[in-house]
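Following: one structure in structure tokens, then a few remarks.
For the single chain, residues carry numbers from 1 onward in sequence order. This is a predicted model, so every value here is computed, not measured.
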Amino acid sequence: MSAVVDMPGVVAHEALGQQVLFVDASAYLGVVTRLYHEGFTMCVDLTAVDYLAHPNRVLPTGVVAERFEVVVNLLSMSQRRRVRLRVQVADGRSLASLFDVHPSTEAMEREVFDMFGISFDGHPDLTRILMPEDWDGHPLRKDYAQGRIPVQFKGAAS
């Protein structure tokens, strides 16, 4: 892991006994590729968080908080180790797709795109996966208006 920690754009941290790497968006694909070659061959999860209401959250020194954070969990079966990557993403910015390194991220990146509006450059089919194609907006963004669906109960007085 030391080779990755020494890469530019990487701030190492530990949380609850797990290695956490805060990675600059520009170094993201390179760090994941290096980790793959170091044995982290399984991408367990890729998701995002919208920190709209928490712009001044506490992060390690050298990490600049952005509205969104993409979180990637990688696993090395041979080493029995996990590593979590946290990448700050500004509103309207995109990240490189991990599809060429971890093909299993295809659906996960589509879900993050669909729910948060974060684009992944180089993704083979970055289209909606949960919402209809003509849906307006991204439902897991904190500024997305909550809707209301009227419910009609069978046998209830109307």
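- Considering L35, V20, N73 in turn, L35 is the only one that fulfils the side chain to side chain contact (heavy atoms under 4.5 Å, CB included) rule with V83.
- Across all non-hydrogen atoms, the minimal contact from P139 to G137 is CD-O, 4.0 Å.
- A distance-only check finds a donor-acceptor pair linking the side chain of H138 to the backbone of F113 [under 3.5 Å].
- Under the 4.5 Å side-chain criterion, counting only non-hydrogen atoms from C-beta, L74 is not in contact with M42.
- Residues V101 and V44 are members of separate hydrophobic clusters, defined by side-chain heavy-atom contacts under 4.5 angstrom among Ile, Leu, Val, Met, Phe, Trp and Tyr.
- Scanning all heavy atoms of the two residues, the minimum distance from G39 to Q79 falls at CA-NE2, 4.0 Å.
- Scored by the side chain to side chain donor-acceptor pair (under 3.5 Å) test, R57 finds Q88 as partners (sequence neighbours excluded).
- L75 CG to C43 SG: the interatomic distance, rounded to the nearest 0.5 Å, is 10.0 Å.
- Side-chain contact between R86 and V70 is absent, with no heavy atoms from C-beta onward closer than 4.5 Å.
- F120 is listed as a side-chain neighbour of V112, based on a closest heavy-atom distance under 4.5 Å.
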>> V87 vs V72, test: side-chain contact (heavy atoms from CB on, under 4.5 Å). Steps then yes/no.
In response: CA-CA 8 Å; V87 184; V72 180; 5.7 Å; no
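- Residues forming a salt bridge (Lys or Arg N to Asp or Glu O under 4.0 Å) with R93 (at least two apart in sequence, or on another chain): none.
- Looking at every heavy atom in both residues, E106 comes nearest to P124 through CG-CG, 4.5 Å.
- Not counting sequence neighbours, the partners of L130 by the side-chain contact (heavy atoms from CB on, under 4.5 Å) test are E111, D114, M115.
- Under a 4.5 Å side-chain heavy-atom criterion applied to ILVMFWY residues, the cluster that includes V64 comprises that residue alone.
- Residues satisfying the salt bridge (Lys or Arg N to Asp or Glu O under 4.0 Å) criterion with R67, sequence neighbours excluded, are D50, D91, D143.
- Atom CE in M108 sits 6.0 Å away from atom CG in L46 (nearest 0.5 Å).
- Heavy atoms only, all atoms of each residue included: L52 and P55 are closest at O-CD, 3.6 Å.
- Considering only residues two or more places apart in sequence or on other chains, V11 meets the side-chain contact (heavy atoms from CB on, under 4.5 Å) condition with F22, P60, V63.
- In this structure, the side chain of E69 does not engage the main chain of A48 through any donor-acceptor pair within 3.5 Å.
- Under the side-chain contact (heavy atoms from CB on, under 4.5 Å) criterion, E133 pairs with T127, R128, sequence neighbours left out.
- Residues meeting the side chain to side chain donor-acceptor pair (under 3.5 Å) test with T105, sequence neighbours left out: none.
- Taking the six-membered ring for Trp and thresholds of 30 and 60 degrees, F99 and H123 have ring planes inclined between 30 and 60 degrees apart.
- Counted by atom type alone, R82 and Q18 present zero donor-acceptor pairs between their side chains at under 3.5 Å.
- The hydrophobic cluster around V49 extends to Y51, V71, counting ILVMFWY residues whose side-chain heavy atoms fall within less than 4.5 Å of a member.
- Hydrophobic clustering (side-chain heavy atoms under 4.5 Å, transitive across Ile, Leu, Val, Met, Phe, Trp, Tyr) groups L98 together with M7.
- Scanning for ring-ring contact (aromatic ring centres under 6.0 Å, His included) contacts around Y36 gives H102, with sequence neighbours left out.
- Within the structure, side chain to side chain donor-acceptor pair (under 3.5 Å) pairs that include any residue of residues 20-29 do not occur (at least two apart or interchain).
- By the side-chain contact (heavy atoms from CB on, under 4.5 Å) test, S94 is found to be paired with S119, D121, residues two or more places apart in sequence or in another chain being considered.
- Taking CG of L95 as the start and CZ of F68 as the end, the distance is 11.5 Å to the nearest 0.5 Å.
- Heavy atoms of other residues, nucleotides or ligands lying less than 6.0 angstrom from CG of D125 number more than 12.
- To the nearest 0.5 Å, atoms OG (S76) and CZ (R81) are separated by 7.0 Å.
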